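The figures that follow rest on heavy atoms only: side chains count, while hydrogens, waters and symmetry mates do not. Just so you know, residue 1 is the first one in the sequence shown, and it goes up from there. Atoms within each ligand, like the ligands themselves, are counted from 1 in listed order. Only a predicted model underlies this, so the values are computations on that prediction, with no experimental measurement involved.
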Amino acid sequence: MQNLSQVLAASATPESLQSVLNITISTCVDISNALKKGSLAGILGMAGNENVQGEEQKKLDVISNDMLKDALLACPAVRAIASEEEDDIVPAHTDGEYLIAFDPLDGSSNIDINAMVGTIFSLYRQTGDNPATEQDFLIQGKEQVAAGYVLYGPSSMLVLTTGKGVNMFTLDPDTHTFLLTRENVQVAQDTQEFAINMSNQRFWADSMQNYVNNLVAGKNGSRNKDFNMRWVAAMVGDVHRILCRGGIFIYPWDNKDPSKPGKLRLMYEANPMAMLLEQAGGKAHTHTQRILDIQPEAIHQRVAVILGAANEVDKCLSY
Ligand SMILES: O=P(O)(O)OC[C@H]1O[C@](O)(COP(=O)(O)O)[C@@H](O)[C@@H]1O
């Protein structure tokens, strides 16, 4: 079975990009090992601070962020980093080639119940003579040179694209290496499985309420087929299910806080997942545009997300 380095070399991935990916992913192996210890290592529970999003940080949000930050700032190919847990971007090496944005621990509400969580990352190639600024990160998602996530579940899995399809790797706990277990993943065009937090239904736009009501109506409704629902409460887990067996994932706009266009963050949640879905033959949109075409305005910008099976995303948008 091929390991990650062999797959990256075989796909002619530039060595400098390989170095950033290898450091990111080997740090995820350390995070995976830490997670396995859980409360034995005293790493569960709250950290006692709030992040720039106004969310209470979990201890593991901070621990995983510090592990990735320290490892990436020490990598000469890294120009700067941006993280869900960092207020501002952090410049690294001015002569570095890559900007990396990451969500160190996605699905934080699942940590203390021992459910699925993950690390999501997005890379851009950019050089410059001056230390990087936030402005340097505001690049459309379609310019990403790599995107992926590590899912910490029953097994730890890496799902990665460098723009040449999507591959899945499984962590061998004995050798601590990711081995290729599924190549060139493709998502079915149609589906009968949807993922959305139904408890927010009364806050959605009428169009979204109509769309979801028709899913729930199943055979008795205009869709003439039954739909199943799943909600992992960790985007990384819901997207992984869709890459494995299809489906649609939606975190729509809602009027709980009309000032926010959505809950999920563009740079280190929506963009990397959108690149993975499109590389796997799926689609990823907000209510109004393709996510990878969005011109970012801020590092922690939020967007609505509708992604998954291409025909079902089109159906949802038709509402
Ligand atoms: O709590 P809700 O409304 O179900 O939202 C769950 C969503 O929020 C998130 O947990 C947000 O991510 P973080 O945990 O990184 O803040 C997503 O992973 C998930 O899809």
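Under a 4.0 Å N-O distance rule, the pair Arg245/Glu193 qualifies as a salt bridge. A salt bridge is defined here as a Lys NZ or Arg NE, NH1 or NH2 lying under 4.0 Å from an Asp or Glu carboxylate O, and Asp238 with Arg230 fails to meet this definition.
Remark: ligand 1 atoms within the under-4.0 Å shell around heavy atoms of Ser108 are 14 (O). Taking a cut-off of under 4.0 Å to the non-hydrogen atoms of Asp103, the atoms of ligand 1 that pass are 15 (O). Here is the list of ligand 1 atoms found below 4.0 Å of a heavy atom in Trp231: 4 (O), 6 (C).
Protein heavy atom at the shortest distance from atom 3 (O) of ligand 1 is Tyr251 OH, 2.5 Å. Protein heavy atom nearest atom 19 (C) of ligand 1, with residue, atom name and distance: Met235 N, 3.5 Å. Closest to atom 11 (C) of ligand 1 among all protein heavy atoms lies Arg265 NH2, 3.5 Å. The protein heavy atom nearest to atom 5 (O) of ligand 1 is Lys263 NZ, 3.1 Å.
Two rings, from Phe102 and Phe121, have their centers 6.0 Å or more apart. Checked against a 6.0 Å centroid threshold, the rings of Phe249 and Trp231 count as neighbours.
Side-chain atoms of Glu312 and Thr191 include no donor-acceptor pair closer than 3.5 Å.
With a 4.5 Å cut-off on side-chain heavy atoms, Val166 and Asn184 do not count as touching. Between Met157 and Thr181 the shortest side-chain heavy-atom distance falls below 4.5 Å.
Taking distance alone, with nitrogen or oxygen atoms compared against 3.5 Å, Ser109 stays at or beyond that limit from ligand 1. By the 3.5 Å distance cut-off applied to N or O atoms, Phe249 is not counted among the residues near ligand 1. On a distance-only criterion, Val236 and ligand 1 share no N/O pair closer than 3.5 Å.
When heavy-atom distances to ligand 1 are checked against a 4.0 Å cut-off, Lys58 has no atom that comes that close, whether in backbone or side chain. Contacts of Asp106 with ligand 1, taken as heavy-atom pairs under 4.0 Å, involve both backbone and side chain.
Ligand 1 is approached by Ala233 to a heavy-atom distance shorter than 4.0 Å. Between Leu105 and ligand 1 there is a heavy-atom distance shorter than 4.0 Å.
The line from CD of Gln301 to CG of Asn271 is 9.0 Å long, rounded to the nearest 0.5 Å.
The two residues Trp253 and Lys260 come nearest to each other via the heavy atoms CD1-O, 3.5 Å.
Taking a 6.0 Å sphere around CG of Asn114, one finds it holds 12 or fewer heavy atoms contributed by other residues, nucleotides or ligands.
When Met116, Glu269, Met198, Lys256 are ranked by how near their heavy atoms come to atom 12 (O) of ligand 1, first place goes to Glu269.
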